[in-house]
Amino acid sequence: MKRNILITGGAGFIGSHVVRLFVNKYPDYHIFNLDKLTYAGNLANLKDIEDRTNYTFIKADIADLDMMRSVISDNRIDGIIHLAAESHVDRSIKDPFTFARTNVMGTLALLQAAKEYWESLPEKFEGKLFYHISTDEVYGALELTHPEGVPAPFSTKASAGEHEAYGSEFFLETTKYNPHSPYSASKASSDHFVRAYHDTYGMPTLVTNCSNNYGPYQFPEKLIPLFINNIRHGKPLPVYGKGENVRDWLFVEDHARAIDTIFHDGKVAETYNIGGFNEWKNIDLIRVVIKTVDRLLGNPEGHSDHLITYVTDRLGHDMRYAIDSRKLQRELGWEPSLQFEEGIEKTVRWYLDNQDWMDNITSGDYERYYDDMYKNR
Ligand code: NAD
Ligand code: TYD
């Protein structure tokens with residue numbers, strides 16, 4: 001079936017994996033990738049598919065309502081997957097307004113433009129979907145009730161049931177929103193607007209909340225690519241606080257596959273949590289990353305351990321995130337394809353094999369920004 005799909009934020013980390021998957025898997029769809037190309041957007045992420053006949057890039061700001069109106073109507077868009085956002089918690093602490101502008105006002109402009117176009121069509125919203133990609137961070141923070149970890153209660157391919165959980169509570173689709181950072185507050189607000197457009201106007205919307213992603217093409221201000229790059233250059237690894245915060249990690253291609261499944265088979269107005277029951281204390285994860293980088297670079301074990309540097313904690317640092325994604329597994333049959341050790345190995349290899357990609361980003365403006373953030377802590 002021919003379709004015109006708009007993917008926003010497709011030049012970013014997760015968006016580029018979603019664009020690649022859709023362009024390759026659905027030759028009958030035309031994929032429009034709309035991205036403002038902020039510091040986090042990089043067309044080099046899509047070099048391999050940029051010449052495909054079923055792919056078009058549009059440089060635009062989602063907060064530009066008139067532009068969103070014409071992109072959607074000129075291209076007769078019949079499905080939207082919305083990933084464009086400001087996404088880094090540390091930046092949101094420094095500059096919350098940019099997060100409100102893009103994540104809240106930008107999402108609202110996109111929703112409004114989609115609604116106006118779909119209302120103007122004779123068949124109304126038939127078969128159309130506004131799919132909003134969100135984060136587990138909107139649910140707030142969980143307690144560490146098992147500081148030493150206990151066997152994970154549920155088994156998936158990501159954890160093989162042997163992994164540890166650091167508490168007895170998990171985020172469910174019904175968990176009350178309780179965001180703490182300006183980033184998560186802006187994402188929570190955008191989630192509410194998306195649901196409001198369904199409840200008020202009958203727009204066919206859907207929201208998913210995913211755990212921390214890792215993998216190729218992630219901007220190197222986030223923990224895993226930052227640390228791989230710093231280890232390669234013998235630079236300090238800034239561990240916030242005591243390194244005891246817990247995050248639940250999912251390989252980015254598994255997230256993209258989940259988005260594909262949900263976009264096609266998910267129920268309108270539903271929420272699905274996406275995760276792999278794969279919790280790691282930051283310091284344990286960092287040790288796995290160091291070990292993997294050292295091994296792949298041919299360094300002896302322990303070679304880079306001295307780079308670990310404990311620094312002032314992030315303001316309002318959420319202690320633990322842990323997603324319960326059994327609804328998605330039960331109802332739509334999705335589960336992660338990779339175990340964490342395989343995913344980390346693939347990821348480290350990718351960054352070491354694609355040093356040009358990393359060097360192009362980390363030279364110039366970004367390096368100055370990062371040095372500034374680091375010195376100010
Ligand atoms: P990213 O920062 O790597 O990419 C964001 C993209 O959005 C960039 O290409 C950027 O240029 C674009 N963008 C920013 N502002 C824009 C605007 N005003 N108009 C148009 N484009 C704009 O982010 P990511 O990690 O790929 O995250 C993508 C989405 O997934 C976000 O909505 C994020 O909240 C969500 N999410 C991320 C994670 C994660 O671990 N990275 C986990 C769960 C959910
Ligand atoms: P991050 O990749 O920024 O994702 P998020 O804050 O959205 O979970 O950070 C992951 C974890 O790593 C988080 O607990 C903060 C911590 N962290 C550090 O300890 N040092 C760093 O330099 C960064 C970027 C993150």
Side-chain angles (χ1 to χ4, degrees), residues 135-176 178 180 208-215 222-224 227 237 239-255 257-258 261 271-295 301-302 305 308 310 313 317-348:
T135 166
D136 59 359
E137 303 190 26
V138 297
Y139 297 124
L142 297 167
E143 301 282 323
L144 281 195
T145 50
H146 305 301
E148 298 314 319
V150 295
F154 312 114
S155 159
T156 72
K157 281 189 182 140
S159 67
E162 292 154 11
H163 203 63
E164 292 179 329
Y166 290 91
S168 43
E169 276 191 295
F170 293 82
F171 296 136
L172 287 161
E173 288 80 358
T174 49
T175 300
K176 253 176 80 175
N178 186 19
H180 300 300
T208 57
N209 299 83
C210 188
S211 60
N212 282 58
N213 284 214
Y214 70 97
K222 304 278 171 77
L223 181 73
I224 291 180
F227 278 33
L237 307 175
V239 180
Y240 297 166
K242 295 182 182 158
E244 284 179 351
N245 302 67
V246 171
R247 295 292 181 266
D248 183 356
W249 294 91
L250 183 68
F251 190 61
V252 63
E253 289 176 13
D254 280 330
H255 188 190
R257 277 196 310 105
T261 302
T271 298
Y272 299 92
N273 280 352
I274 309 174
F277 294 109
N278 183 43
E279 290 177 53
W280 285 81
K281 252 185 204 180
N282 287 343
I283 192 65
D284 294 339
L285 173 115
I286 288 161
R287 291 194 192 285
V288 172
V289 172
I290 294 176
K291 218 170 156 173
T292 311
V293 178
D294 275 342
R295 177 166 52 77
E301 191 161 340
D305 289 355
I308 291 178
Y310 291 93
D313 207 354
H317 197 174
D318 285 339
M319 184 45 89
R320 170 175 174 251
Y321 301 144
I323 276 272
D324 183 337
S325 61
R326 283 177 299 167
K327 172 177 170 181
L328 175 59
Q329 297 189 0
R330 196 174 56 240
E331 294 186 9
L332 301 182
W334 172 89
E335 65 170 329
S337 66
L338 280 188
Q339 281 195 21
F340 186 67
E341 286 72 8
E342 297 172 78
I344 277 291
E345 170 109 11
K346 252 181 127 159
T347 302
V348 171

Using distance only, find each side-chain donor-acceptor pair of residues 326-333 under 3.5 Å and give its atom names and separation, not counting sequence neighbours.
{"residue": "Arg326", "atom": "NE", "partner": "Asp324", "partner atom": "OD1", "Å": "3.1"}
{"residue": "Arg326", "atom": "NE", "partner": "Asp324", "partner atom": "OD2", "Å": "3.3"}
{"residue": "Arg326", "atom": "NH2", "partner": "Asp324", "partner atom": "OD2", "Å": "2.8"}
{"residue": "Lys327", "atom": "NZ", "partner": "Glu270", "partner atom": "OE1", "Å": "2.5"}
{"residue": "Lys327", "atom": "NZ", "partner": "Thr271", "partner atom": "O", "Å": "2.8"}

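Side-chain contact between Tyr240 and Asn245 is absent, with no heavy-atom pair separated by less than 4.5 Å. Side-chain contact between Leu338 and Lys346 is present, with at least one heavy-atom pair separated by less than 4.5 Å. Two residues are said to be in side-chain contact when any heavy atoms from C-beta on lie closer than 4.5 Å; Leu237 and Ile290 meet this criterion. Residues Thr135 and Asn209 form no side-chain contact, since every pair of their non-hydrogen atoms from C-beta on lies 4.5 Å or further apart. Counting only heavy atoms from C-beta outward, the side chains of Ile344 and Ile224 approach each other to under 4.5 Å. Between Phe340 and Leu285 there is a side-chain heavy-atom pair separated by less than 4.5 Å. A 4.5 Å side-chain heavy-atom check between Val239 and Phe227 finds at least one atom pair inside the cut-off.
Using a 4.0 Å cut-off between a side-chain N of Lys or Arg and a carboxylate O of Asp or Glu, Asp284 and Arg287 do not qualify as a salt bridge. With salt bridges taken as basic N to acidic carboxylate O contacts below 4.0 Å, none links Glu143 and Arg320. Between Arg295 and Glu345, at least one side-chain N (NZ, or NE/NH1/NH2) sits under 4.0 Å from a carboxylate O, which counts as a salt bridge.
With values rounded to the nearest 0.5 angstrom, Glu169 atom CD is found 9.0 Å from Phe171 atom CZ. In this structure, Glu173 CD and Tyr139 OH are separated by 6.0 Å, a value rounded to the nearest 0.5 Å. To the nearest 0.5 Å, atoms NE2 (His317) and NE2 (His180) are separated by 12.0 Å. To the nearest 0.5 Å, the span separating NZ on Lys157 from OG on Ser337 amounts to 7.5 Å.
A donor and an acceptor atom, one from each side chain of Ser211 and Asp136, are nowhere located under 3.5 Å apart.
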(request) Evaluate the criterion side chain to side chain contact (heavy atoms under 4.5 Å, CB included) for residue pair Tyr310 and Ile283; output intermediate values, then yes/no. (result) CA-CA 10 Å; Tyr310 291 93; Ile283 192 65; 3.3 Å; yes

(request) Start with the C-alpha distance between Arg257 and Asp254, add both sets of side-chain angles, then the distance that settles salt bridge (charged side-chain N to carboxylate O under 4.0 Å, His left out), and finish with yes or no. (result) CA-CA 5 Å; Arg257 277 196 310 105; Asp254 280 330; 2.8 Å; yes

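Trp280 and His163 have tilted rings, their planes meeting at an angle from 30° to 60° on a 0 to 90° scale. In this structure, Tyr214 and Trp249 have perpendicular ring planes: the angle between them is above 60°, well past the 30° mark. A perpendicular orientation is assigned to the rings of Phe277 and Phe170, their planes being inclined by more than 60° (bins at 30° and 60°).
In plain terms, the two heavy atoms of Leu172 and Asn273 that are nearest each other are C-ND2, 3.1 Å. What you find for Tyr166 and Glu148 is that their closest heavy atoms are CE2-C, 3.9 Å. Taking each heavy atom of Glu301 and Lys291 in turn, the nearest pair found is OE2-CE, 3.3 Å. Closest heavy-atom contact between Thr156 and Gly276: OG1-O, 2.8 Å. In plain terms, the two heavy atoms of Asn213 and His255 that are nearest each other are OD1-ND1, 2.8 Å.
Residues Tyr272 and Trp334 keep their aromatic ring centres 6.0 Å or farther apart.
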